[in-house]
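Here is the structure we will look at.
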Amino acid sequence: DVHMGGRNEEGSEKNTSRLTEELTLLSSAHGRARRLLRDISKHDLQTAVKYGEKTPARTVKGEQRWKFEFGNVIYITDETCRREITCYHQ
């Protein structure tokens, strides 16, 4: 489990000692375009991963996705929680 903060799907606490900006998130062209369109910063995504609620997202073509919710930002990642798929406001 790569999730660094907040609570995971089982509700257990995670390590929050790393700085938010130190979290590595790999952007995709689609993800960058959606962030620009929706005025969501990469720091917003890092914050969602660190402090947000992590739940399984819809599986696409057999590939697991994760959903992080924090504030009004929803962030969807691949199975490693490191590659950006998309994001949007709640």
Exercise for the section: With rounding to the nearest 0.5 Å, note down the distance linking NE2 in His89 to SG in Cys87. Expected result: 7.5 Å
Let me check something: any side-chain donor-acceptor pairs from residues 58-65 under 3.5 Å, sequence neighbours excluded? List them with distances.
residue: Glu63; atom: OE1; partner: Arg65; partner atom: NH1; Å: 3.2

Handout entry: side-chain contact (heavy atoms from CB on, under 4.5 Å) partner of Trp66, the single match among Thr77, Thr55, Val49
Key = Thr77
Completion exercise
Interatomic distance, OH@Tyr75 vs NZ@Lys67, rounded to 0.5 Å, equals 15.0 Å
Fill in the blank from the handout: Residue pairs meeting salt bridge (charged side-chain N to carboxylate O under 4.0 Å, His left out), one or both in residues 29-48, sequence neighbours left out, come to Arg35-Glu84
Problem - Connected-component partners of Tyr88 among ILVMFWY, side-chain separation under 4.5 Å - result: Ile74, Ile76, Ile85
